[in-house]
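Single-structure report; data block below.
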Number of protein chains: 2
Amino acid sequence: MQQSYSKRMPPRRPGPGGAKGWWRGRFKGCGYRFTVPRQVILDTLNRTSKHLSAEDIYLAVHRTCPNIGLTTVYRTLELLVQMGLVFKFDFGDGRARYELSRETHPRGHCYLVCINCRRVINADDFREKETERIKQIEETIAKRYNFRVRNQITQFYGLCGKCSQERTEDE
Amino acid sequence: MQQSYSKRMPPRRPGPGGAKGWWRGRFKGCGYRFTVPRQVILDTLNRTSKHLSAEDIYLAVHRTCPNIGLTTVYRTLELLVQMGLVFKFDFGDGRARYELSRETHPRGHCYLVCINCRRVINADDFREKETERIKQIEETIAKRYNFRVRNQITQFYGLCGKCSQERTEDE
DNA sequence: TTGATAATGAAAACCATTTTCACTAAGCAT
DNA sequence: ATGCTTAGTGAAAATGGTTTTCATTATCAA
């Protein structure tokens, strides 16, 4: 059923039918069916720039299609990650987060995670200026470790403004 | 029982009694007891540079002190993370990894995670050359997001040499 | 339209981690 | 040293995100 991760990709162009058409092509190209649940889950991810948990997605999807189960959400997400359409992250709060891989921003994410209140701040905008640098680093890594970088994530753990303030009051 | 994360730290010097003495001081300073399980767990982490899971630590500890339970390992690790003595990581394989925070290397870690075979390669050596850069980035983040960076982790997800090879053979 | 089978959903299983609670031992006061 | 207070511990149970099972459904090539 599940195919190997390594499949040829169709060209990265929206093609006729917009994103949906492109997704369909990707699925067909990998020998998968482009089913309703898969469409709806992709749509949900496409509609936000936030990092959603499986349950977030399930709840959002559930509003339009109450018949789609949590199991399917998990299975679809796993498949999407395998296909490289979605990135999976872990901020250490015990639940994975998912984000659609968009061509518009470089593959590389930057997050600030507050170790006190668990808030996650998306700092991708900052990261964009580093694109060149990252590319260099990826090349170095590819050479030194014989490793093909597909995605990259940088997490800064520390205290957010609010929690940092509380700390100061403590002392 | 558990104190707030933000406590004053004693000077970062080994002092009399080596690492053990310093740890004891840290514990006392925070109002915690420096118990046998806590010593043994710290010793275990100190003896390796690998990123161990809670179970890894439990098994290692269990050889010398079979009476130390897994629960205590979890509780101690949580405390050590809170105290800033240990870093907790997540590579997306469903179990957390722990590493002793050493003064010798900059607070900042770099890992390559193979999305196919799940192998984790430690690339800290590479990261060391970036220290200056990272410091700059931390400063920028502190200013822009009003965020106090405490630790930083960069993960490159992709295909390791072996899996990358398999992929090529596929095509 | 139809048939083969990939995909789905509900329920059960899984498993890392956390909580509960009765018991133990660290370390301060005596 | 000795006893006392209470932080710390361990075993077992609970939790909760994720995965597996299996009977049913829906996709799509022919």
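Labels below follow one simple rule: chain letters A, B, ... track the order of the sequence lines, proteins then strands, and each chain is numbered from 1.
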Taking only side-chain N and O atoms of A:Arg95, does any of them lie within less than 4.0 angstrom of OP1 or OP2 on D:dG16?
no

Sole residue of B:Asp43, B:Leu42, B:Asn46 in side chain to side chain contact (heavy atoms under 4.5 Å, CB included) with B:Lys20
B:Asp43

Could you please name the option among C:dT8, C:dG9, D:dG8 that lies closest to any side-chain atom of A:Arg38?
C:dT8

d(CD1, B:Ile68; C1', D:dG8) in whole Å
12 Å

Intermediate values then yes/no, ring pair (Phe, Tyr, Trp, His ring centres under 6.0 Å), B:Phe147 and A:Phe156
CA-CA 9 Å; B:Phe147 191 95; A:Phe156 291 90; 7.9 Å; no

Taking only N and O in the side chain of B:Thr35, is any of them less than 4.0 Å away from OP1 or OP2 of D:dT9?
yes

Looking only at non-hydrogen atoms, find the nearest pair between A:Tyr58 and A:Gly69 and report the distance.
CE1-C, 3.7 Å

Taking the side chain as every heavy atom from C-beta outward, state whether B:Phe27 and B:Met83 have any pair of such atoms under 4.5 Å apart.
yes

Mind calculating the distance between OH (A:Tyr58) and P (C:dT8) to the nearest angstrom?
15 Å

If I take atom CG in residue A:Leu80 and atom P in nucleotide C:dA7, what distance separates them, rounded to the nearest angstrom?
12 Å

Let me know the distance between CZ of B:Phe89 and C1' of C:dT17, rounded to the nearest Å.
19 Å

Answer yes when A:Arg95 and A:Asp90 have at least one side-chain N-carboxylate O distance shorter than 4.0 Å, and no when they do not.
no

Atom CG of B:Leu79 to atom C1' of D:dG8: distance rounded to whole Å?
10 Å

Check nucleotides 22-25 of chain C for protein N or O atoms closer than 3.5 Å to its own N or O atoms and list the pairs.
none

Send over the distance from B:Gln39 CD to C:dA26 C1', rounded to a whole Å.
12 Å

Rounded to the Å, how far apart are A:Leu59 CG and D:dG17 C1'?
14 Å

Pick out the pairs of N or O atoms, protein on one side and nucleotides 19-25 of chain D on the other, that lie under 3.5 Å.
unit_1 : atom_1 : unit_2  : atom_2 : d
D:dT21 : O4     : A:Arg75 : NH1    : 3.4

Should A:Tyr98 and A:Thr44 count as side-chain neighbours, where that means a heavy-atom distance under 4.5 Å?
no

Separation of A:Ser101 OG from A:Leu45 CG (nearest 0.5 Å):
11.0 Å

Go through the side-chain N and O atoms of A:Thr76 and A:Arg38 and say whether any donor and acceptor fall under 3.5 Å apart.
no

Any side-chain heavy atom of B:Cys117 within less than 4.5 Å of one from B:Cys160?
yes

Give me the bend of the helix from C:dT1-D:dA30 to C:dT30-D:dA1, using the axes of the five pairs at each end, rounded to 10°.
40°

With distance as the sole criterion, is a donor-acceptor pair present between the side chains of A:Ser53 and A:Arg97 under 3.5 Å?
no

Is it the case that B:Thr154 and B:Gln152 place a side-chain donor and acceptor less than 3.5 Å from each other?
yes

Rounded to the nearest Å, what distance is computed from the CG atom of residue B:Asp93 to the P atom of nucleotide C:dT17?
9 Å

